[in-house]
Engineer: 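Below is one structure. I have some questions about it.
From a predicted model like this one, the values you see are computed outputs, not experimental measurements. Here is how names work: the chains are called A, B, and so on, in the same order as the sequence lines, proteins then strands, and each is numbered from 1.
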There are 2 protein chains.
Amino acid sequence: MTARIADVETIDVRFPTSRELDGSDAMNEAPDYSAAYVVLHVADDGEGTGDGGGTGEGDGQAVSEGHGFTFTIGRGTDLAVAAARAIGERAVGTSVDEVARDPGAFSRHLLGDSQLRWLGPDKGAIHLGAAAVINAAWDLLAKRAGKPLWKLLSDLTPQQIVDLVDWRYLKDALTPEAALELLESRAAGRAEREAYVREHGYPAYTTSAGWLGYDDEKLARLCREAVEQGWDSVKLKVGADLGDDVRRCRIAREIIGPGRRLMIDANQTLGVAEAVEWADALKEFGIWWFEEPTSPDDVLGHAAIQRRIAPTHVATGEHAHNAVMFKQFLQAGAIGICQIDACRLGGVNEAVAALLLAAAYDVPVCPHAGGVGLCELVQHLSVFDYVAVSGSMDDRVVEYVDHLHEHFVDPVRVEGSRYRVPEVPGYSAQIRRETLRAYRFPDGSVWGGTAPVTS
Amino acid sequence: MTARIADVETIDVRFPTSRELDGSDAMNEAPDYSAAYVVLHVADDGEGTGDGGGTGEGDGQAVSEGHGFTFTIGRGTDLAVAAARAIGERAVGTSVDEVARDPGAFSRHLLGDSQLRWLGPDKGAIHLGAAAVINAAWDLLAKRAGKPLWKLLSDLTPQQIVDLVDWRYLKDALTPEAALELLESRAAGRAEREAYVREHGYPAYTTSAGWLGYDDEKLARLCREAVEQGWDSVKLKVGADLGDDVRRCRIAREIIGPGRRLMIDANQTLGVAEAVEWADALKEFGIWWFEEPTSPDDVLGHAAIQRRIAPTHVATGEHAHNAVMFKQFLQAGAIGICQIDACRLGGVNEAVAALLLAAAYDVPVCPHAGGVGLCELVQHLSVFDYVAVSGSMDDRVVEYVDHLHEHFVDPVRVEGSRYRVPEVPGYSAQIRRETLRAYRFPDGSVWGGTAPVTS
């Protein structure tokens with residue numbers, strides 16, 4: 001018998017976060033954190049011969065579901081769901097062993113529909129939908145291997161890692177041969193680094209204190225709580241009014257003291273000149289990085305800002321839609337911090353491409369997280385980056401926001417400002433069935449509907 | 001009474017062009033040319049006081065529909081339709097006079113939904129959908145003014161043209177003040193240029209000869225026919241196999257002779273190094289421009305190619321998703337030919353932004369057309385560019401492909417390798433009702449369905 005992807009289930013899940021202004025910033029006034037959620041269902045057909053490939057670790061061969069999603073913020077989630085369904089149809093019928101043997105080819109096949117591609121290419125709703133499906137496929141592979149995703153990736157050979165990536169547009173910055181050499185140079189230290197990160201965890205920072213919708217009193221209270229909880233990096237949202245931002249940064253810096261790191265995030269609201277003006281005005285507060293100062297498409301604009309505001313680093317990436325964008329940000333010296341997103345990029349494969357590019361340019365990767373489930377995903381990518389790619393935790397922190405984790409089957413564990421390494425097989429992407437029922441849009445009970453109670 | 005946008009009708013229209021391999025290229029193997037089609041319906045409410053603003057030209061005040069669309073190539077058109085519907089809902093209730101008074105604010109409002117924006121931002125399905133709605137609004141304004149769109153735009157004051165554009169991310173390359181100065185410097189010659197283009201038309205080139213799916217014999221025959229029909233520029237699709245492309249360029253150059261222009265188009269299939277290799281191998285055939293050599297997102301890659309292959313120009317833009325991309329292509333000296341697309345950009349307003357940027361950098365705009373209805377739209381943009389923006393036709397040609405025009409109420413008229421200036425009020429975007437019924441997907445008769453015969 002051959003196990004094949006037999007069905008793609010898609011669900012529009014939305015959390016009414018706008019009711020509390022959690023997640024408010026200068027661009028995204030009132031998000032309802034949402035997911036275009038995918039379950040790949042596996043079934044055995046009766047025709048195959050059982051073509052092997054299983055490692056026998058755990059009893060993963062019996063796993064029949066892979067869960068994945070892309071992150072959205074409310075309206076329009078239906079578009080990402082429709083995209084995931086259209087892309088997902090290309091996966092139906094594929095044997096799971098075939099996916100496991102060449103996940104790079106599988107990813108390229110999903111992204112390669114010549115008609116769907118027109119809607120991007122490699123960007124927008126269609127790319128978000130592809131990310132959901134590809135992430136679900138990796139969850140499936142990891143569960144069947146009986147390993148958390150980071151461990152599955154970290155156990156691949158350098159050549160297998162190189163083969164995950166679509167190199168077509170990247171070779172002018174990094175050739176597959178150079179990537180292989182980089183990975184091989186770091187192979188010897190993998191076991192030691194794995195032991196280290198299992199023991200010490202991976203550094204995190206908090207954005208929970210600084211949402212733009214909070215008043216000064218709440219900001220101050222949350223900064224104090226962050227210090228008490230042991231955080232050593234705090235990020236504030238800025239970009240609506242410079243006077244307000246000066247006042248808010250002053251409050252934050254006074255409370256966190258000179259020894260902790262302060263970052264700011266304008267969420268794309270500024271032009272190039274305004275971004276420089278903002279950085280100049282906030283310089284006295286010692287800003288480690290300035291995130292999303294302007295349009296996420298503006299490589300040259302970010303490069304101009306970076307030249308003007310050093311030693312503050314320009315950081316961007318949560319809206320950088322594909323590896324070609326990261327390639328350019330790195331080539332242009334436009335960013336000092338590389339913020340990959342596990343769902344904006346086309347799933348795990350393209351995230352690996354970005355990790356390799358960043359390592360080649362020696363730029364730290366500090367993934368975007370928060371939202372719903374992004375923390376759950378990116379912890380795997382950063383641990384893999386540490387074990388097998390960059391080999392370093394220096395100047396690297398993973399964003400952490402403390403909401404919505406309770407909806408996940410395998411939620412993140414953050415202790416003492418560090419992510420504990422995930423241990424459960426899979427990509428930690430799975431949302432509880434009762435949550436999927438209650439928050440399904442528009443018919444879940446949270447949205448005033450009465451979703452049928454299905455399995 | 002106040003005329004308001006009362007309803008947004010959306011239609012998924014697909015033409016089964018893949019059956020004939022019309023439109024085949026190295027990336028888009030078998031497109032079904034399609035449109036996410038929008039009709040804005042206007043109704044008078046009983047509450048307003050008739051707040052004027054009408055020019056009284058023609059009887060345009062009675063016009064109650066604006067038609068627009070974005071172009072797609074088959075699967076996924078449903079996503080663009082859903083996007084247009086979501087964006088279109090933001091237009092409902094707006095008074096038509098309000099749109100006419102400040103089309104820039106209207107466009108920014110449609111693009112500014114903070115939740116939908118996450119799916120882009122300003123790219124992908126959501127931006128394509130916005131383009132369809134904004135284009136329909138301009139069709140409505142032009143019809144009510146009793147003018148073809150190019151004339152409506154050309155009659156705006158320089159300040160009114162500047163106010164169409166969202167300058168937030170563009171000012172580092174071109175300030176509104178500099179754009180105003182540019183437009184004012186060309187205002188004096190408008191009447192003369194309008195008379196000239198009305199008499200002589202606007203230069204076109206043909207892509208009909210060179211689709212990749214055609215064999216050598218058909219290529220040769222179509223090149224001969226192009227010469228006989230008076231075309232002086234011919235474009236071939238390349239990028240799948242260099243040996244084939246050398247042979248096909250040789251055939252084309254032999255037939256069209258040394259006095260006509262030959263362009264090539266790789267439709268994004270190559271990396272930076274391969275693109276240079278292709279250009280070197282085809283140099284002997286005298287290539288005027290090399291279109292879409294690599295990823296449409298790769299500003300730095302195009303710049304590297306342009307530095308290596310001059311005097312051949314790099315051309316791109318049909319997949320450049322917003323004005324920030326055009327800004328960078330121009331800033332980086334990455335393109336010698338700027339190929340705006342009337343539907344990939346966020347409708348007329350963002351196309352005007354690209355025209356202004358290109359004029360400021362003195363790069364000719366040669367719009368992407370073909371597909372379905374793109375020729376109908378871009379002719380307006382190029383005539384406006386000539387009359388009011390660049391003021392020049394030098395090295396400027398509008399793409400022309402001779403199919404699907406019969407489905408339009410006001411089809412392009414191309415005579416002697418030149419577009420005749422459109423005269424009918426509107427944006428020439430309107431598809432015949434019988435076509436909308438027959439080609440509607442999936443229930444039109446062409447697709448084997450039995451669409452209900454509605455008005």
Engineer: Do you see a donor-acceptor pair shorter than 3.5 Å between the side chains of A:Gln268 and B:Arg117?
Structural biologist: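 Yes, side-chain donor-acceptor contact under 3.5 Å.
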Engineer: What are the two closest heavy atoms between B:Val299 and A:Gln328, and how far apart are they?
Structural biologist: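 Looking at all heavy atoms of both residues, the closest pair is N-OE1, 2.8 Å.
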Engineer: Where on A:Asp298 is there a heavy atom nearer than 4.5 Å to chain B: the side chain, the backbone, both, or neither?
Structural biologist: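 Both backbone and side chain.
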Engineer: For B:Ala273, which atoms come within 4.5 Å of any heavy atom of chain A: side chain, backbone, both, or neither?
Structural biologist: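 Neither part; nothing is under 4.5 Å.
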Engineer: With a 4.5 angstrom heavy-atom cut-off, is it the side chain or the backbone of A:Ala86 that approaches chain B, or both, or neither?
Structural biologist: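 Looking at A:Ala86, nothing touches chain B.
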Engineer: With a 4.5 angstrom heavy-atom cut-off, which part of A:Asp78 approaches chain B: side chain, backbone, both or neither?
Structural biologist: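 For A:Asp78, there is no contact with chain B at all, as no heavy atom is under 4.5 Å.
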Engineer: Please look at A:Leu270 and chain B and tell me whether the side chain, the backbone, both or neither of the residue comes under 4.5 angstrom of a heavy atom of that chain.
Structural biologist: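 When you check distances to chain B, only backbone atoms of A:Leu270 fall under 4.5 Å.
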Engineer: Under 4.5 Å from any heavy atom of chain B, what part of A:Glu89 do you find: side chain, backbone, both or neither?
Structural biologist: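 For A:Glu89, neither part sits under 4.5 Å from chain B.
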Engineer: Non-hydrogen atoms of chain B under 4.5 Å away: do they reach the side chain of A:Leu79, the backbone, both or neither?
Structural biologist: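 Interface part for A:Leu79: both.
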Engineer: Are A:Pro31 and B:Ser114 close enough that some pair of their side-chain heavy atoms sits under 4.5 Å apart?
Structural biologist: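 No, their side chains stay 4.5 Å or more apart.
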Engineer: Go through the atoms of A:Ala304 and report whether side chain, backbone, both or neither lie under 4.5 Å from a heavy atom of chain B.
Structural biologist: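 Contact with chain B involves no heavy atom of A:Ala304 at all.
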Engineer: Identify which part of B:His127 has an atom lying under 4.5 Å from any heavy atom of chain A, answering side chain, backbone, both or neither.
Structural biologist: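 Interface part for B:His127: neither.
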Engineer: A quick test of your reading: do over 12 heavy atoms of other residues, nucleotides or ligands sit less than 6.0 Å from CZ of B:Arg308?
Structural biologist: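 Open.
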Engineer: Using a 4.5 Å cut-off on heavy atoms from C-beta on, say whether the side chain of A:Leu300 contacts that of B:Leu300.
Structural biologist: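 Side chain of B:Leu300 against side chain of A:Leu300, heavy atoms only: contact under 4.5 Å found.
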Engineer: For the residue pair B:Thr269 and A:Arg168, establish whether any side-chain heavy-atom pair is separated by less than 4.5 Å.
Structural biologist: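 Yes; the side chains approach each other to less than 4.5 Å.
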Engineer: List the atom of B:Asp297, the atom of A:His321, and the distance in Å for their closest heavy-atom pair.
Structural biologist: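 In terms of heavy atoms, the two residues are closest at OD2-NE2, 3.3 Å.
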Engineer: Looking at B:Ala80, B:Pro121, B:Ala125, which makes the most heavy-atom pairs under 4.5 Å with chain A?
Structural biologist: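 Most pairs with chain A among the choices: B:Pro121.
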Engineer: For A:Trp118, does the six-membered ring have the charged nitrogen or CZ of B:Arg75 within the cation-pi criterion, i.e. under 6.0 angstrom from the centroid and within 45° of the normal?
Structural biologist: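 The answer is no, since B:Arg75 fails at least one limit relative to A:Trp118.
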Engineer: Heavy-atom pairs under 4.5 Å with chain B - which of A:His319, A:Lys171, A:Glu274 has more of them than the others?
Structural biologist: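 Maximum pair count with chain B is reached by A:His319.
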Engineer: Hey, which of B:Pro296, B:Gly124, B:Ser295 has the most heavy atom pairs under 4.5 Å with chain A?
Structural biologist: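 Of the candidates given, the most pairs with chain A belong to B:Ser295.
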Engineer: Does any N or O in the side chain of B:Gln115 come within less than 3.5 Å of the main-chain N or O of A:Gly76, such that one atom is a donor and the other an acceptor?
Structural biologist: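 No; judged by distance alone, with no hydrogens or angles, the pair does not exist.
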Engineer: Answer with side chain, backbone, both or neither: which region of B:Leu119 has an atom nearer than 4.5 Å to a non-hydrogen atom of chain A?
Structural biologist: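 Its backbone and side chain both get close to chain A.
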